[in-house]
*Asks:* 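What follows is a structure written as structure tokens; I'll ask about it next.
Treat the numbers as computed from the prediction; the structure is a model and nothing was measured. A note on names: the letters A, B, ... follow the listed sequences, proteins ahead of strands, and every chain is numbered from 1.
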2 protein chains.
Amino acid sequence: MKDEKKRGRPRAFDAKATLAKARDVFWDRGFAAASLDNLSAATNLNRPSLYGAFGDKEDLYLDTLEGYRQDGMYALAQALDPSLPLRDNLARVYEGALAVYLHGETAARGCLLIGTATVEAVERERVREVLGRSLSDFDGEIEKRMRLAVERGELPESADPQMLARLASAVMHSLAVRARAGDSRETLEAIARSGVELICGSARS
Amino acid sequence: MKDEKKRGRPRAFDAKATLAKARDVFWDRGFAAASLDNLSAATNLNRPSLYGAFGDKEDLYLDTLEGYRQDGMYALAQALDPSLPLRDNLARVYEGALAVYLHGETAARGCLLIGTATVEAVERERVREVLGRSLSDFDGEIEKRMRLAVERGELPESADPQMLARLASAVMHSLAVRARAGDSRETLEAIARSGVELICGSARS
DNA sequence: CATATTTTGTACCGTTTCGCATTAAATTCT
DNA sequence: AGAATTTAATGCGAAACGGTACAAAATATG
């Protein structure tokens with residue numbers, strides 16, 4: 001399913017690598033301020049090639065968002081390894097997020113979705129749909145782990161897995177915004193630690 | 001200090017009302033996607049008048065952000081009325097926020113700062129500065145109330161007012177993002193309730 | 001009333017924007 | 001080898017962009 005020789009002239013670029021470069025442009029500038037010329041320069045692709053391969057600017061943007069979402073979900077599942085205590089799971093989630101969020105040149109980039117899709121969500125339905133789905137998928141994955149924690153006794157029976165998951169996500173949303181607002185790594189790590197403590201606090205383990 | 005008769009032709013518009021209309025445009029479209037024509041149409045002001053009164057687009061945007069920040073700080077101080085229990089204070093903060101965030105035509109607008117300034121913060125230092133200051137001022141105001149709560153015994157001595165305040169803000173940040181992502185009022189209210197419960201949970205009152 | 005000063009409205013400028021039309025190049029199929 | 005097909009590259013073009021020059025209008029001052 002990989003190397004089906006297609007008929008015409010072969011592509012001189014790797015679609016995945018191109019998407020990654022386009023993603024970085026959107027990440028820094030946002031969707032609206034990223035011009036096709038910016039994207040063309042960053043990907044070393046002419047505008048017509050970009051257009052032919054990915055569609056218009058919004059299509060390309062949605063592609064990068066979808067890839068980012070999938071990468072995030074994979075990293076989340078890794079961090080939530082159920083053989084580790086819930087506390088460690090959450091700490092790993094935040095640690096991994098901060099590693100991504102703080103990687104910026106002039107200023108930290110935060111989260112691609114929260115940092116750049118949120119602003120477009122009001123007027124672009126497709127963006128709003130991806131953003132909404134990304135957030136709720138994220139919640140859902142954490143919720144699964146929370147439910148397991150209740151079953152195992154890591155959390156008391158009275159704990160509400162769905163709500164705890166949403167609050168765990170809330171801390172991440174805040175880290176994403178604050179990173180982009182210029183908060184220091186130390187501050188963000190302190191918030192992450194306190195978040196873990198508060199959410200796992202009811203666990204007497 | 002109000003009605004100093006200035007020399008030339010008087011202004012035919014109210015600066016504050018104009019800023020409010022411009023703010024609405026930025027709120028829906030974001031800074032980058034809001035054109036001077038959009039702003040001119042919404043404010044019923046010609047572009048040169050806009051420019052003369054508020055400077056360039058970024059200046060105008062920063063003005064609206066600053067006004068929004070001040071309004072928010074005032075509303076926050078009101079909600080944190082120290083004659084009420086901490087629980088009620090937090091609930092009022094979130095209730096007031098949701099009333100603002102859910103007011104949208106097609107989709108909910110969320111928070112002007114988190115929804116539209118975050119994306120510009122990376123490349124526009126002045127926006128990043130206002131956003132950072134807004135977030136930390138907000139944290140600080142809640143922190144004051146948290147410290148009072150510890151003094152009064154609403155929270156245990158072991159509670160960390162600064163961190164609890166930052167986590168209380170985190171819930172707000174999440175509400176802001178989720179509103180714009182299309183979450184329902186019911187969902188957001190449930191998150192707010194759970195947030196209050198979790199943060200005030202250590203209070204045995 | 002004349003002058004100075006500020007705001008308003010029209011029109012315009014150079015640039016950038018997105019998207020596409022067209023042609024050249026590279027590969028497979030016959 | 002030649003036809004068919006897909007991609008690459010150049011360049012165009014109409015529209016939108018932010019910003020400003022300039023003249024007309026409206027007020028205060030002398």
*Asks:* Mind running a 4.0 Å heavy-atom check of residues 11-20 of chain B against DNA chain C and sending the residues that fall below it, in number order?
*Replies:*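 The stretch gives R11(B), A12(B), F13(B) as the residues lying under 4.0 Å from the strand, ordered by number.
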
*Asks:* Just to verify, what does E141(A) make a side-chain contact (heavy atoms from CB on, under 4.5 Å) with, not counting sequence neighbours?
*Replies:*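 Result, side-chain contact (heavy atoms from CB on, under 4.5 Å) vs E141(A): M73(A), L76(A), A77(A), L80(A), K144(A).
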
*Asks:* So, using side-chain contact (heavy atoms from CB on, under 4.5 Å) as the criterion, who are the partners of R29(A) when residues are at least two apart?
*Replies:*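 Listed in chain order: V25(A), A33(A), A34(A), N38(A), E123(B).
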
*Asks:* Kindly indicate, with the supporting measurements, whether the criterion side-chain contact (heavy atoms from CB on, under 4.5 Å) is fulfilled by T64(A) and W27(A).
*Replies:* CA-CA 10 Å; T64(A) 69; W27(A) 211 333; over 6 Å; no

*Asks:* Atom pairs under 3.5 Å, N or O on each side, protein against nucleotides 2-4 of chain D: can you list them with distances?
*Replies:*
from: dA4(D); atom 1: O3'; to: R7(A); atom 2: NH2; distance (Å): 3.4

*Asks:* Quick one: is Y51(B) getting a side-chain N or O under 4.0 Å of the dT20(D) phosphate, OP1 or OP2?
*Replies:*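 Checking Y51(B) against dT20(D): at least one side-chain N or O falls below 4.0 Å of OP1 or OP2.
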
*Asks:* Heavy atoms from C-beta onward define the side chain here; which of dT6(D), dT8(C), dG18(D) lies closest to that of N46(B)?
*Replies:*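 Nearest listed nucleotide: dT8(C).
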
*Asks:* First locate atom CG of L50(B), then atom OG1 of T18(B), and finally report the distance between them rounded to the nearest 0.5 Å.
*Replies:*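 Spacing of CG (L50(B)) from OG1 (T18(B)) equals 7.5 Å.
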
*Asks:* Between atom CG in D59(A) and atom C1' in dC18(C), what is the gap in whole Å?
*Replies:*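 One finds 13 Å between C1' of dC18(C) and CG of D59(A), rounded.
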
*Asks:* When you compare the protein's N or O atoms with those of nucleotides 11-15 of chain C, which come within less than 3.5 Å of each other, and at what distance?
*Replies:*
from: dC12(C); atom 1: N4; to: R47(B); atom 2: NH2; distance (Å): 3.4

*Asks:* Determine the minimum heavy-atom distance between A108(A) and A179(A), stating which atoms define it.
*Replies:*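 Scanning both residues, the minimum pair turns out to be CB-O, 3.5 Å.
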
*Asks:* Using a cut-off of less than 4.0 Å, is there contact between a side-chain N or O of S35(B) and OP1 or OP2 of dC17(D)?
*Replies:*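 For dC17(D), OP1/OP2 do have a side-chain N/O of S35(B) under 4.0 Å.
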
*Asks:* Is it the case that the side chains of D81(A) and S83(A) hold a donor-acceptor pair, with the cut-off being a distance below 3.5 Å and no angle test?
*Replies:*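 On atom types as modelled, these side chains qualify, holding a pair under 3.5 Å.
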
*Asks:* Taking side-chain contact (heavy atoms from CB on, under 4.5 Å) as the test, write out the residues that go with S184(B), two or more places apart.
*Replies:*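 S184(B) satisfies side-chain contact (heavy atoms from CB on, under 4.5 Å) with E186(B), T187(B) once adjacent residues are dropped.
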
*Asks:* Under 4.0 Å, counting only non-hydrogen atoms across every strand here, what does A34(B) touch: a base, just sugar-phosphate, or nothing?
*Replies:*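 Contact class for A34(B): sugar-phosphate only.
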
*Asks:* Of the non-hydrogen atoms in H173(B) and R178(A), which two are nearest, and what is the gap between them?
*Replies:*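 Looks like CE1-NH1, 3.3 Å.
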
*Asks:* Do NZ/NE/NH1/NH2 and the carboxylate oxygens of R147(A) and E143(A) come within less than 4.0 Å?
*Replies:*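 Looking at R147(A) and E143(A), the cut-off is met.
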
*Asks:* So does S49(A) get a side-chain nitrogen or oxygen closer than 4.0 Å to the phosphate oxygens (OP1/OP2) of dT7(D)?
*Replies:*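 Checking dT7(D) against S49(A), no side-chain N or O comes under 4.0 Å of OP1 or OP2.
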
